[in-house]
Participant: 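One structure, pasted below without further comment.
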Amino acid sequence: MGTSKPKKATVRAVIQAPVEKVWKYWTEPEHITKWNQASDDWHAPRAENDLRVGGKFVTRMEAKDGSMGFDFGGTYDVVKLHEEISYTMGDGRKVEIIFTARGNETEVVETFDAEDIHPVEYQQAGWQSILDNFKKYTETH
């Protein structure tokens, strides 16, 4: 579709937990597998994370009925402890996550380049659903 800049979408949540816990649950594979799905009929059976600039991550996302699945991954461009994570996905799209500490709560704002196959609103809803799962998991564990 030419050289047009990708459309950006943003999702956000305020998690009732200090930034240290939020960061840990966002970045450690044993936690990632507990929250990284958009709906109850999907799950993330495996996650790997080399959290450093140039490091790679991959999370396996699958339908629980085994009908489909895919690996979601990328390479880290920015890692600032408790503040920011930015990465480039395998298809070249960029993602930036900002963590803002506010005492015992943390705002997480995730901005991503939308792909051009599905409507941006559809993608944003899926990413928001995953972020909402993260919020629920972090606040209850």
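For this chain, numbers begin at 1 and follow the sequence in order. All values below were derived from every heavy atom in this structure, side-chain atoms included, with hydrogens, water molecules and symmetry-related copies excluded.
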Participant: Would the number of heavy atoms belonging to other residues, nucleotides or ligands and lying under 6.0 Å from NZ of Lys8 be above 12?
Facilitator: yes
Participant: Going from NZ on Lys64 to NE2 on His43, what distance comes out if it is rounded to the nearest 0.5 angstrom?
Facilitator: 7.0 Å
Participant: When rounded to the nearest 0.5 angstrom, what is the spacing between CD in Glu121 and CD in Gln128?
Facilitator: 14.0 Å
Participant: Does the pair Thr27 and Ile85 meet the rule for a side-chain contact (heavy atoms from CB on, under 4.5 Å), with working shown?
Facilitator: CA-CA 10 Å; Thr27 61; Ile85 296 172; 3.8 Å; yes
Participant: Decide if atom NZ of Lys21 counts as having more than 12 heavy atoms of other residues, nucleotides or ligands within a radius under 6.0 Å.
Facilitator: yes
Participant: What pair of heavy atoms forms the shortest contact from Pro29 to Ala47, and how long is it?
Facilitator: CB-O, 3.3 Å
Participant: Indicate the ring-plane relationship of Tyr76 and Phe57, choosing parallel, tilted or perpendicular according to the 30° and 60° boundaries.
Facilitator: tilted
Participant: Step through it carefully: locate the ring centre of Trp35, locate the ring centre of Tyr25, and say whether they are under 6.0 Å apart.
Facilitator: no
Participant: I need the Leu131 CG to Trp26 CH2 distance, nearest 0.5 Å.
Facilitator: 5.5 Å
Participant: Return each pair, listed once, that meets salt bridge (charged side-chain N to carboxylate O under 4.0 Å, His left out) where at least one residue sits in residues 26-50; pairs must be two or more places apart or across chains.
Facilitator: Arg46-Glu48, Arg46-Asp71, Asp50-Arg52
Participant: Mind checking whether Tyr87 and Leu81 sit in one hydrophobic cluster, side chains of I, L, V, M, F, W, Y counted as touching below 4.5 Å?
Facilitator: yes
Participant: For residues Phe70 and Ile32: do they belong to one hydrophobic cluster (side chain heavy atoms under 4.5 Å, members Ile, Leu, Val, Met, Phe, Trp, Tyr)?
Facilitator: yes
Participant: Tell me the closest heavy-atom pair linking Ala44 and Thr59, and the distance in Å.
Facilitator: CB-CG2, 3.8 Å
Participant: List the atom of Ala17, the atom of Val22, and the distance in Å for their closest heavy-atom pair.
Facilitator: O-CG2, 3.8 Å
Participant: What is the minimum heavy-atom distance between Ala38 and Gly126, and which atoms define it?
Facilitator: CB-O, 4.0 Å
Participant: Quick one: are Ile130 and Met61 in side-chain contact, heavy atoms under 4.5 Å?
Facilitator: yes
Participant: Checking Lys56 side chain against Gly73 main chain: does a donor-acceptor pair fall under 3.5 Å?
Facilitator: no
Participant: Are the charged groups of Glu96 and Lys94 less than 4.0 angstrom apart, N to O?
Facilitator: no
Participant: Could you check whether Glu115 pairs with Arg93 (Lys NZ or Arg NE/NH1/NH2 to Asp/Glu carboxylate O, under 4.0 Å)?
Facilitator: no
Participant: Where does the angle between the aromatic ring planes of Phe112 and Trp127 fall among parallel (under 30°), tilted (30 to 60°) and perpendicular (over 60°)?
Facilitator: parallel
Participant: Could you work out, with side chain to side chain donor-acceptor pair (under 3.5 Å) as the rule, every residue matching Glu139, not counting sequence neighbours?
Facilitator: Lys135
Participant: On a heavy-atom basis, which atom in Gln123 and which in His118 lie closest, and how many Å separate them?
Facilitator: NE2-O, 2.8 Å
Participant: What are the two closest non-hydrogen atoms of Glu62 and Trp42, and how far apart are they?
Facilitator: C-CE3, 3.1 Å
Participant: Report whether Val95 and Val109 are members of the same hydrophobic cluster (ILVMFWY, side-chain heavy atoms less than 4.5 Å apart, transitive linking).
Facilitator: no
Participant: Got a second to check how far Met89's CE is from Asp113's CG, nearest 0.5 Å?
Facilitator: 6.5 Å
Participant: Please determine whether side-chain contact (heavy atoms from CB on, under 4.5 Å) holds for the pair Phe99 and His82, giving the CA-CA distance in whole Å, both sets of side-chain angles, and the decisive distance to 0.1 Å.
Facilitator: CA-CA 6 Å; Phe99 301 82; His82 301 157; 5.9 Å; no
Participant: Answer yes if the side chains of Thr88 and Asp77 hold a donor-acceptor pair under 3.5 Å, and no otherwise.
Facilitator: yes
Participant: Are side-chain N/O atoms of Tyr137 and Asn36 paired as donor and acceptor at under 3.5 Å?
Facilitator: no
Participant: Nearest 0.5 Å, what's the CZ-CD1 distance between Phe134 and Ile15?
Facilitator: 5.5 Å
Participant: Among the clusters formed by ILVMFWY side chains lying less than 4.5 Å apart, do Val11 and Ile97 turn up in the same one?
Facilitator: yes
Participant: Would you compute the distance between atom CZ of Arg12 and atom CG of Asp132 and round it to the nearest 0.5 angstrom?
Facilitator: 12.5 Å
